[in-house]
Amino acid sequence: MAKPNKFVLWGSAGHAKVLAEIISLRSGSVLALFDNRQLPSALPGVTVYRGEAGFRSWVETQGDLKGIAGLAAIGGNRGHDRLAIQAFFFGYGLDIPILVHPAAVISSSAYLGAGSQVLAQANVAADARLGKACIINHFASVDHECQIGDGAHIAPGATLCGCVKLADNVFIGAGAIVLPHISIGSNAVIGAGAVVTRNVPAGVTVVGNPAKPLINGK
Ligand SMILES: CC(C)(COP(=O)(O)OP(=O)(O)OC[C@H]1O[C@@H](n2cnc3c(N)ncnc32)[C@H](O)[C@@H]1OP(=O)(O)O)[C@@H](O)C(=O)NCCC(=O)NCCS
């Protein structure tokens with residue numbers, strides 16, 4: 001299938017700038033931005049429409065949405081939101097592509113789910129599997145046979161060693177290291193710079209080296 005070159009992005013902040021740069025490197029363009037907040041446009045010359053009503057008003061200006069791709073331009077610990085936005089776009093018939101920076105390295109045996117985004121200098125190694133709407137951020141490394149659920153975000157410079165398993169919506173903070181064969185439950189948060197040496201249950205935030213649960217901010 002031909003790569004789409006016309007995109008719309010939901011999210012008009014910094015992550016939209018990062019995605020727009022990748023889109024322009026593949027000779028594509030961003031037609032419109034959407035955001036639930038009243039924000040200035042993250043991209044010069046591109047209109048930002050507010051919320052679902054704004055999206056519908058933009059749709060009315062389009063003859064046909066065929067061939068237009070939609071992505072969630074939302075970083076941080078917001079995998080649920082990325083998945084909901086993708087489902088919303090899909091419901092309107094938009095394509096949900098995979099976006100990979102040309103300076104990322106993806107193994108030919110890796111699998112990436114729809115809407116996943118791999119940024120510059122990131123690495124996804126042999127037989128790794130990513131779910132939908134994942135972000136592998138700048139200089140992050142996902143080693144061989146990792147299994148990553150939907151909506152995960154591996155922040156800049158974080159490392160997942162081989163055979164790590166992440167359930168849905170896990171957020172791995174910048175520069176964290178997850179040792180081989182560790183499993184991390186859904187909605188868990190790994191603090192920036194943590195070294196994860198034990199499995200992490202669902203919904204738990206851990207910080208430090210070795211990583212320990214952060215309970216009530218302590
Ligand atoms: C772990 C994290 C989610 C906790 O956020 P939070 O719940 O708002 O926690 P707070 O900032 O209130 O900090 C609570 C305590 O944990 C400590 N703490 C917070 N993050 C920490 C970290 N990564 N490592 C070690 N200690 C940390 C704070 O110093 C504070 O300690 P204190 O109570 O003794 O002062 C957050 O600090 C973090 O690391 N986020 C990752 C950010 C990131 O990588 N972003 C990348 C975007 S692309």
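Counting starts at 1 for both ligands and their atoms, following the listed order.
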**Asked** Mind checking what makes side-chain contact (heavy atoms from CB on, under 4.5 Å) contact with Y92, not counting sequence neighbours?
**Response**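 If we apply the side-chain contact (heavy atoms from CB on, under 4.5 Å) test to Y92, skipping adjacent residues, the hits are F55, R56, V59, L65, F88.
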**Item:** Those residues that, when tested against A158, pass side-chain contact (heavy atoms from CB on, under 4.5 Å) (two or more places apart)
**Value:**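 So A158 forms a side-chain contact (heavy atoms from CB on, under 4.5 Å) with I154, I172.
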**Prompt:** Under 4.0 Å from any heavy atom of A155, which atoms of ligand 1 are there?
**Reply:**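 Going through ligand 1 atom by atom, the ones under 4.0 Å from A155 are 46 (C).
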**Request:** Taking only heavy atoms of V189 into account, list the atoms of ligand 1 that are under 4.0 Å away from them.
**Result:**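 Contacts of ligand 1 toward V189, numbered from 1: 3 (C).
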**Asked** In this structure, are over 12 heavy atoms from other groups packed under 6.0 Å from R26 atom CZ?
**Response**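 Counting neighbours around CZ of R26, more than 12 heavy atoms of other residues, nucleotides or ligands fall under 6.0 Å, so yes.
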**Item:** Option nearest atom 27 (C) of ligand 1 (shortest heavy-atom distance, choices N77, I215, V207)
**Value:**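 Looking at heavy atoms only, V207 sits closest to atom 27 (C) of ligand 1.
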**Request:** Return the option from G175, A174, G191 holding the heavy atom at the smallest distance from atom 44 (O) of ligand 1.
**Result:**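 When every heavy atom of G175, A174, G191 is considered, A174 comes closest to atom 44 (O) of ligand 1.
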**Request:** State if G75 counts as touching ligand 1 under the rule of any non-hydrogen atom under 4.0 Å.
**Result:**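 No, G75 has no heavy atoms under 4.0 Å from ligand 1.
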**Prompt:** Within the side chain of N199, is there an N or O that forms a donor-acceptor pair under 3.5 Å with the backbone of S183?
**Reply:**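 Between the backbone of S183 and the side chain of N199 there is a qualifying donor-acceptor contact (under 3.5 Å).
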**Prompt:** In terms of hydrophobic clustering (I, L, V, M, F, W, Y; side-chain heavy atoms under 4.5 Å; direct or indirect links), are L179 and V206 co-clustered?
**Reply:**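 Yes; V206 is reachable from L179 via cluster members.
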**Request:** Return a yes/no value for G173: is any of its N or O atoms, backbone included, closer than 3.5 angstrom to an N or O of ligand 1?
**Result:**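 Such a contact does not occur with ligand 1.
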Residue-level breakdown please: for [X] versus ligand 1, do any non-hydrogen atoms fall below 4.0 Å on the side chain, on the backbone, on both, or on neither?
X    : value
L214 : side chain
A192 : both
P156 : side chain

**Asked** Is any side-chain N of the basic residue among D64 and K66 closer than 4.0 Å to the acidic one's carboxylate O?
**Response**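 Looking at K66 together with D64, the answer is no, because their closest N to O distance does not fall below 4.0 Å.
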**Request:** Find out whether H15 and L9 are in side-chain contact, i.e. whether some heavy atom of one side chain is under 4.5 Å from a heavy atom of the other.
**Result:**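 SC-SC contact between H15 and L9 ruled out.
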